[in-house]
Amino acid sequence: MLSGFFAVARLSLAEVLYKRIMAAAAVLTLGYLFLFGLGMHYLGRNWGSGLNELAAAQLFSLALYVAVLLVSLLAVLLGVGAIAGEIESGTAHAVLSRPLSRTAFLLGKYTGYAAFMALYALCFFLGLWLLMAWQAGVALTGFGPALGLFMLQPLVLLSLAFWASTVFSTIGAGVVVFILYGLNMIGGLVEQIGALLGQAGHESAPALVNLGIVSSLILPVDALYRLASFSLLANSGLLDAWSLGAMGPFGTASVPSVWMVVYALLYAAALLWLAARIFRTRDV
Amino acid sequence: MIVETVGLTKEYLDGGGCRDIDLTVGPGEIFGLLGPNGAGKSTFVKLLVGLLFPSGGRARILGRPLGDLTVRRKIGFLPESFRYQPWLTAAGVLRFHAALAGLAPREADDRVPAVLDRVGLAGVEKKKVGGFSKGMQQRLGLAAALLSRPRVVFLDEPTSALDPRGRRDVRRLIQDLREEKVTVFLNSHLLSEVERVCDRVAVIQDGRLAAAGRLDALLDRGLEVEIEVDEVNDTLLSALRPVVCELRREGTRLVVRVDGRERLPVLARTVCAAGRALYALEPRHCTLEELFLELTSGGEADA
């Protein structure tokens with residue numbers, strides 16, 4: 001049983017590395033990091049003006065947001081075809097008649113894909129952090145927690161995509177997960193806008209913040225980004241509390257509770273459990 | 001029994017599937033499952049190998065219930081429509097399946113070249129599966145099915161992508177498996193293939209079992225004889241009726257069914273006694289195709 005699980009995990013990891021889209025993603029990621037480094041390089045030239053520190057923090061925050069977006073998209077694209085794609089292509093027919101439980105197959109695939117996504121997220125995050133340190137001369141604090149949060153986001157999305165892949169076709173799963181992800185992104189932005197309006201005493205601010213919290217309960221990915229961003233920038237010396245909020249919807253005016261991390265871990269585990277439960281009795 | 005099903009049923013919302021299938025397949029038997037397209041053959045095989053879950057009835061493979069993982073170690077399966085990872089080499093595919101089947105790496109080292117050689121793919125170990133023809137992929141599927149030295153092999157349309165030489169090779173392979181006491185469950189609509197290799201067959205029509213039994217017993221439905229005479233008249237018909245089981249007229253010919261070959265001289269004497277000139281008396285043996293067409297009442301035969 002375990003040999004089957006490891007065989008599926010190894011093959012899934014190798015499969016991801018073989019895909020052309022991954023080579024394209026690697027090249028585009030390097031290009032993205034190059035542009036980010038270039039921006040930091042020019043900002044770092046006139047350090048000490050105050051304005052540049054704010055701009056650097058904004059650029060980093062935005063870069064982190066887009067990095068989360070790219071990592072998330074890749075996780076979704078990988079995950080939605082994990083089960084449905086195998087069934088549709090006929091690959092599953094030969095594999096699932098072997099002495100391998102459906103749960104071992106599903107977890108093996110998840111492990112392979114998660115290993116890749118964790119590695120990709122680690123490299124991406126390290127790239128951003130090191131460029132910030134090298135070009136702007138700022139070693140952001142909270143590296144460990146932020147890295148963990150950054151790596152957790154694609155794993156949560158991967159769990160959601162795996163669940164959807166056991167219920168829907170590849171395209172159907174993609175539509176469902178992207179809609180939920182879009183909802184969460186908008187919810188996160190609304191929450192931050194609500195928090196900024198709250199600082200100005202606007203009466204509709206609590207409703208907007210609550211909307212964002214509800215969207216995070218539906219999919220706790222944006223909250224993880226906000227926590228990662230806050231962890232890196234709050235004590236960096238680049239910004240004070242006010243300017244952290246003044247960074248707009250990409251900043252973290254409304255800081256999620258650390259319990260959201262626990263919720264995200266439970267959320268991912270519950271979805272995987274549900275996926276395994278559904279897949280155990282699904283006809284292929 | 002190697003395979004035993006009692007009332008095995010799989011119902012789909014669109015009305016397809018199979019219903020109330022009672023079947024047994026013994027050790028070392030070559031069993032053929034026949035039926036027109038969409039009759040429920042593949043559904044039945046998928047139920048047996050655990051890809052589908054039954055809506056009713058029960059089944060046992062090697063004495064264990066469906067889905068038992070220990071039994072799956074002793075099962076080989078070639079699906080009808082399947083695909084292997086195109087970026088893997090032939091040896092890579094088989095090593096992956098060897099790991100899934102629980103074979104130790106050293107055992108896999110021995111088995112992979114052996115099964116590739118057995119299905120006529122020796123020398124392509126390092127070639128990527130993406131470059132394989134459909135026939136080569138089917139051979140590779142056969143190799144994967146034989147990898148773990150199974151006690152029972154389910155072959156779902158194993159020759160559908162093969163050329164005549166490939167079909168002959170598969171026939172020989174099945175005959176070799178018979179000698180090795182491996183049970184083969186052959187699902188096919190190529191009747192000539194089934195007729196040549198199977199000991200027993202079952203015919204599925206509209207998801208239900210239409211007939212099952214030994215091939216020779218199913219085909220022993222009396223002897224059909226074609227009689228050509230100078231003229232077919234009432235005297236001749238009246239004389240023949242007591243000595244035949246069935247009688248029908250086809251122009252100047254008569255087609256009758258008798259119990260066996262020993263009735264042929266009686267037929268000849270009866271025709272002559274009725275005053276007719278006998279030009280031809282031609283026995284016609286019932287083929288599997290005729291039986292199939294009769295049982296499936298207008299279903300298409302591909303052989």
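Throughout, a chain's letter reflects where its sequence line sits, starting with A, and its residues are numbered from 1. Values below: all heavy atoms of this structure, side chains included; hydrogens, waters and symmetry mates excluded.
Here the shortest heavy-atom pairing between Leu11(A) and Gln85(B) reads CD2-NE2, 3.4 Å. Closest approach of Arg98(A) to His97(B), counting heavy atoms only: NE-ND1, 3.1 Å. Taking every heavy atom of both residues into account, Leu100(B) and Pro99(A) meet most closely at O-CG, 3.5 Å. Here the closest non-hydrogen pair linking Ala99(B) and Ser3(A) is O-OG, 3.2 Å.
Arg151(B) CZ: 12 or fewer foreign heavy atoms inside a 6.0 Å radius. Other residues, nucleotides and ligands contribute only 12 or fewer heavy atoms inside 6.0 Å of the CH2 atom of Trp134(A). Around atom OH of Tyr12(B), more than 12 heavy atoms belonging to other residues, nucleotides or ligands sit under 6.0 Å away. Around atom CG of Leu30(A), more than 12 heavy atoms belonging to other residues, nucleotides or ligands sit under 6.0 Å away.
With a threshold of 4.5 angstrom between heavy atoms, Thr70(B) does not approach chain A through any atom at all. Neither the backbone nor the side chain of Lys74(B) comes within contact range of chain A; no heavy atoms are under 4.5 Å apart. The part of Arg102(A) that comes within reach of chain B is its side chain, from C-beta onward, which places non-hydrogen atoms under 4.5 angstrom from that chain.
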side-chain contact (heavy atoms from CB on, under 4.5 Å), that's the test. Do Arg83(B) and His93(A) meet it? Break it down for me. CA-CA 8 Å; Arg83(B) 194 186 72 118; His93(A) 291 166; over 6 Å; no
Under the criterion side-chain contact (heavy atoms from CB on, under 4.5 Å), I'd like the reasoning laid out for Phe96(B) against Val95(A): C-alpha separation, chi angles, the key distance, then a yes or no. CA-CA 9 Å; Phe96(B) 171 58; Val95(A) 173; 3.9 Å; yes
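At a threshold of 4.0 Å, the pair Asp283(A)-Lys10(B) counts as salt-bridged, since one of the basic side-chain nitrogens sits closer than that to a carboxylate oxygen.
Residues satisfying the side chain to side chain contact (heavy atoms under 4.5 Å, CB included) criterion with Thr159(B), sequence neighbours excluded, are Leu162(B), Arg167(B), Val170(B), Leu190(B), Glu193(B).
Taking non-hydrogen atoms and a 4.5 Å limit, the residue list of residues 109-133 of chain B in contact with chain A, ordered by number, reads Lys128(B). Within residues 262-275 of chain A, no residue has a heavy atom under 4.5 Å from a heavy atom of chain B. Proximity to chain A among residues 47-54 of chain B is limited to Val49(B), Gly50(B), Leu51(B), Leu52(B), Phe53(B), judged by heavy-atom separations below 4.5 angstrom.
Residues Leu100(A) and Leu69(B) form no side-chain contact, since every pair of their non-hydrogen atoms from C-beta on lies 4.5 Å or further apart. Side-chain atoms of Ser97(A) and Ile75(B), non-hydrogen and from C-beta on, never get closer than 4.5 Å to each other. The closest side-chain heavy-atom distance from Tyr18(A) to Leu88(B) is not below 4.5 Å.
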